[in-house]
Participant: 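Sharing a structure here in C-alpha cells format.
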Amino acid sequence: MIADKPYLFNRTLKLKQAIEENDSFELTNIELWQSQQDDVFELINLVLTCDGVPDASKSGILYREALTIKVGNNSLVPEVWPSRADFPKILHMTVSPEHPPSLCLYTENDDAVNRNWTAQQFLSRIYWWIENSSKGTLHSDEQAIEQLFYRTKYELILPYNFTSIIQNDNIRLVADFVHQRDNGGFSLILSDENIQKDCTQTSFLEFKVFTVRSSPVKQDYILLPPYDVETLFALPRGIGDAVVNQLKHQIQALCCDNGAFDNPKLNTIILLIVPIYRNDERTVERYYKQAFLLNKSPYHLGLQAKFLFHSDDDKLYVDYQIAGGSHLCASSLGELKLLPMEVTKLNTNDEFAAQSNSQFSSDSFALVGLGALGSGLLDFWIRSGWGKWNLFDKDHIKPHNLTRHTANRNHIGMNKAAAALIQAQDILGHTDDINVFEEDALRLSQAAKSALMLSSLVIDASTSLDYPRKASFDDSVPRHMSVFVSPSGNDSVLLLEDNARTIRLRTIEAQYYRLIINEEWGYSHLKHHLGKFVSGGSCRDISLKLPLSSIARHSSTLADQIKILSSQEQAAIKVWQTNWETGETRAYSHEVYNEVFIKCGDKSIAYDQGLADKLYSIRDSGLPEETGGIVVGYVDFNLDTIFIVDVFGAPKDSVATNDTFKRGISGVKESLKKVNGRTANIVNYIGEWHSHPANTSAHQSKKDIVQLCEISETMACDGLPAIQIIVAENQINVTIGESCVEL
C-alpha cells in the first residue's frame, strides 16, 4: 500500500517522501478514510521516536508514539491524531467523543499556515509539539490562558450593560440583528426590549438568558462544545454539575407557588462562565464565556430535565406532588439540540476608549452643527468613548447631503441631529449619553440653553459666522471653539477660546483673518472653490462641490486635536493645509493675543494686543517723523461691532514730517485687493491710522477731526462707519465718528 501508489492528494506524497528522509519518523501505512459527512481523506500512519521526551515524563507521553496524519485538499492543514486510546489529554489538544483527539500545532488559521507550509517543516512541528508537551513547556507563561472550547461559527453579542440588566427578571432580551453568513454561521445581537421601538413585531425573537458559573478550573485540553443538553450536563471538570444545579434553581424560580404557563415564543440561552487559572486556583487569569442557544422555552427545558412538572391544568410546577405526578417528560435530553456560540458584547465607553488608545472622558460637550464635518467628528468621538453630547441642529437631511454626510438614504428628511442619534444607537446599542435639540442655536429654547450651559465646551461646526460671533457676546455660556473646512477642502481651521474666556472667538476670528492676509499659507486658503451646484428649489439652495475624502481627512485630524486642546487652558489658532496632489499636510499654530474690547457710544470696537503691538512697532520705526496707513476690518450690524483686523504701513508716496502725515496712494489698491481676495471679501477698508510724535498724546487734533469727517463722508456712501486710530507712545485712541476711547 505504501509503494508507488497514485495518491489522491499531493501532500500525501510530499509527506511520505519527507517521512522516509527523516530518521525520527517511521512510516507504517497509508489508507483511505471517509468521515461521517462523506468527505474522503488519506491517513498516514507512522511512529515518531522523539529523543527529547524525558525518561520519566509526567505528561504521560512516550518516547515512541504512534500517530496518524489526516490529509485532505490543500486548503486544509493536515491534522495529527495520537493512535493509542490512552494518549494523555493535555494542553493544546482538541478533544471530542466523536473522533480521536487532535494536536493543536498552530495558533494561526489555515490560510496563514498554508502560505508557508512544507512537509519537512510540518514534521518538525509535530516533533516540537511532542517534545515540549512531554516537558510541560509547550504553553509558556507569556501565552494567554488556553480556551475551554473549540471555536464555533455562531456568535452571541450581549448588550453593553448586560451585567446590570440581567439582574432584572422583568426585562426581556430580543434579537436586535441576526446576521447569517455563507458558512451557515450567524451573529446574534441581543438588546434590551425597552430600547427597541419595533420589538412587538413577530420577526423579533425573545430570549431568557440564564447565567451559570462553575468553580475555577485549571487550563487543560480544548473540548469540542456540546451540541445538546445531555452533553452539556455531562461536561467534565465539574462544569456540567454546576450547569445542572444552577440552571435547575433559576428555571424553578420562574414558577411561583401557583404554577406558571409555558411561553413557547420564549427561547433559551445558557451563558456559561468558567474561571480558568494557570497554576494556582487562587489566581484566576481568565473568565471564559460560552453561550448555548436552545430554540425551546426554559419551561420546556425544565420539563425535559425534570426541574418542572406538568399538571392537568396545563400549568408548570416545581413540586412533583403538587403537579399530580401524572405528566413527566420521557424525552431524552440528547434530543434538545444546542447551538454553542462564541460570546462577546457591545463596547462600553471605556472599552471604546481603550481600544482606540485614547483617554475616556465623561465630560459633557455641546456640538452645534451636524453637517458633514459635525457628523464626521461625532462619529470619531463616539467610537473612541469621548464625552457625553448635547447636539444642536435645525436642518434636515437632503439627498445631496449623502455625498459627504455620515447619514444614509434612510435618514433623508430627518433632522440632522436626530439622524446622528440613530447612528449613535447603531454603534453603541444605546444613547444614554446623547441629547438632541432640533433647534437653531441662535434661538434656543430654555431646555436647550440649559443643556448647553452644562457643557464644559461648546464646539461650533456650523460653518456659519452668526452663531460663534453671537456666543462671543454671551458671558453666561461655556468656553467655545469653532472648527471648519475651507471651501476648497484643502484646509481646516480650529479657533479656541481660553478656558477663562478672556479671549473670545470674536477677536480670535479677526486674528485668524490677519494671519490669512500675512502668512504664506493664506494665499490659497480661501480660494479655489471646486464649484457650486443647486441642491434644491430655492435660489439659496447652493452647495459647494467637495469630496467626502476631504471632510474625512480633516475630520480625523480635528477630532484628535479637539480632544487634546480641550484639556488645555490657553486659546488656540491652528490651521492644517493639505496638498491635494501629494497628500502632504502641514500644520500651522499661531499665537493668540489678548482681546481689546471697548464701547464707543452705541457701537463696540474689537481688536487684539497683537494689532496694538504692530501699530507701536510701525510708529517706533518711523520716529521722529509721523507715519500711518489704512485700516482693514469688518462691521457686524447684528452685533453693532466693528472688528479691526489689520493695519498697513505708509505707502511710498506718503508725506511725513515731525508733526504731520499725509498718506499716499501707491500700492493701496493692490493691498486692498490682496485683503479682499485672501479673506473672501470679508475684510475690507474701514478707515485710517496715523501716529503722533514723541511727548504728545493720542488725542485728536483739529486736522485729525477734519480727516475723520472726510473718511466718514466717504464711508457713508455705503452706509458704513469710519474708523480713525491715533497711536502715541503707550497710547492708542480709536474713534468712530465723534466717539473717542483712550487706552
Participant: Under the side chain to side chain donor-acceptor pair (under 3.5 Å) rule, collect the residues that match up with Arg619, sequence neighbours excluded.
Facilitator: none
Participant: For Gln355, which residues count as a side chain to side chain donor-acceptor pair (under 3.5 Å) partner, sequence neighbours excluded?
Facilitator: Asn347
Participant: Checking Asp636 now: which residues fulfil salt bridge (Lys or Arg N to Asp or Glu O under 4.0 Å) with it, not counting sequence neighbours?
Facilitator: Arg469
Participant: Which residues pass the ring-ring contact (aromatic ring centres under 6.0 Å, His included) test with Tyr512, sequence neighbours left out?
Facilitator: Phe484, His525
Participant: Can Ser384 and Ser358 be counted as having a side-chain donor-acceptor contact under 3.5 angstrom?
Facilitator: no
Participant: Looking only at side chains, do His690 and Asp704 share a donor and an acceptor under 3.5 Å apart?
Facilitator: yes
Participant: Can you name the side chain to side chain donor-acceptor pair (under 3.5 Å) partners of Gln724, sequence neighbours left out?
Facilitator: Gln700, Gln707
Participant: Any chance the side chains of Asn676 and Asn684 put a donor and an acceptor closer than 3.5 Å?
Facilitator: yes
Participant: Regarding Asp393 and Asn415, is there a side-chain donor-to-acceptor distance under 3.5 Å anywhere?
Facilitator: no
Participant: Determine which pairs satisfy side-chain hydrogen bond (donor to acceptor under 3.5 Å, both in side chains) with at least one residue from residues 374-383, sequence neighbours left out, and list them in order.
Facilitator: Ser375-Thr406, Asp379-Arg383
Participant: Can you pull out every salt bridge (Lys or Arg N to Asp or Glu O under 4.0 Å) where at least one residue sits in residues 678-698? Sequence neighbours excluded, please.
Facilitator: Arg663-Glu688
Participant: Apply ring-ring contact (aromatic ring centres under 6.0 Å, His included) to Tyr685 and list each qualifying residue two or more places apart in sequence or on a separate chain.
Facilitator: none
Participant: According to salt bridge (Lys or Arg N to Asp or Glu O under 4.0 Å), does anything in residues 640-661 pair up with another residue at least two apart or in another chain? List the pairs.
Facilitator: Lys614-Asp646
Participant: Would you mind checking if Glu595 and Arg506 are paired as a salt bridge, meaning a charged N to carboxylate O distance below 4.0 Å?
Facilitator: yes
Participant: State which residues pass salt bridge (Lys or Arg N to Asp or Glu O under 4.0 Å) with Lys449; sequence neighbours excluded, sorted by chain then number.
Facilitator: Asp474
Participant: Parallel, tilted or perpendicular: which one describes the rings of Phe597 and Phe473, with boundaries at 30° and 60°?
Facilitator: perpendicular
Participant: With sequence neighbours left out, write down each residue that passes side chain to side chain donor-acceptor pair (under 3.5 Å) with Asn357, or none if nothing qualifies.
Facilitator: none
Participant: Scan for salt bridge (Lys or Arg N to Asp or Glu O under 4.0 Å) pairs involving residues 485-498, sequence neighbours excluded, and state none if there are none.
Facilitator: Glu497-Arg501
Participant: Please tell me whether Ser617 and Asp620 have a donor and an acceptor in their side chains that are separated by less than 3.5 angstrom.
Facilitator: no
Participant: In a check of side-chain contact (heavy atoms from CB on, under 4.5 Å) between Ile725 and each of Thr735, Asn733, Leu615, Ile605, which one passes?
Facilitator: Leu615
